[in-house]
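Data first, discussion second: the structure below is written as structure tokens.
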Amino acid sequence: MIENAQNNARLLPWTGLGGRPCYVVGKGTGRVSRAADKVEALQLGMALELLDHADDMLADAQATEPQLRHVSAALVHSLRDVHRVARSRGLRLGIPDDSGDEHPSGPGLVRLLP
């Protein structure tokens, strides 16, 4: 299914007012798309570093409960970012998902053209 290729809407790696999803419409070569590419790369790189840090903390018997809670909260935040990146990339490939309006990053496909 190449539906998203027809409407050229891209889910951005940040949210708008009230946490609503943001999209850019176009061929993906504009300034906003380039900024989104950089943000996605940063989010993915930070997630990898956070995973290494979490591994180290779990291996450390001296890690305290507050430290583990903090790294857990950071992992949850990072996982949301990574999920949004994966979802955005999947939608650009035309892979639909079953997410409706209740999903934190909005519906799975944005229908701009009939």
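Starting from 1, each residue takes its place in the sequence as its number. Every heavy atom of this structure was used, including side-chain atoms; hydrogens, water molecules and symmetry mates were not.
- Between M46 and D81 the shortest side-chain heavy-atom distance does not fall below 4.5 Å.
- A salt bridge between R89 and E40 is present, with a side-chain N of the basic residue lying under 4.0 Å from a carboxylate O of the acidic one.
- Taking every heavy atom of both residues into account, Q62 and Q67 meet most closely at O-OE1, 4.2 Å.
- Counting heavy atoms from C-beta outward, L50 and V71 have side chains that approach closer than 4.5 Å.
- A donor-acceptor pair under 3.5 Å links the side-chain atoms of Q43 to the main chain of P13, judged by distance alone.
- Atom CG of L12 and atom CZ of R84 lie 8.0 Å apart (nearest 0.5 Å).
- Here CG of D60 is found 8.5 Å from CG of L68. Values are rounded to the nearest 0.5 Å.
- Note that OG of S88 is 5.0 Å distant from CG of L11, once rounded to the nearest 0.5 Å.
- You'll find the side chain of L75 reaches within 4.5 Å of the side chain of L51, heavy atoms only.
- In this structure, R20 and T15 have side chains that are not in contact, with every pair of non-hydrogen atoms separated by 4.5 Å or more.
- If you take CZ on R10 and SG on C22, they are separated by 12.5 Å, rounding to the nearest 0.5 Å.
- Between the side chain of S78 and the backbone N or O of A74, no donor-acceptor pair lies under 3.5 Å.
- In terms of hydrophobic clustering, with Ile, Leu, Val, Met, Phe, Trp and Tyr side chains grouped at heavy-atom distances under 4.5 Å, V24 and W14 are assigned to a common cluster.
- A distance of 11.5 Å separates CG of L44 from CD of E49, quoted to the nearest 0.5 Å.
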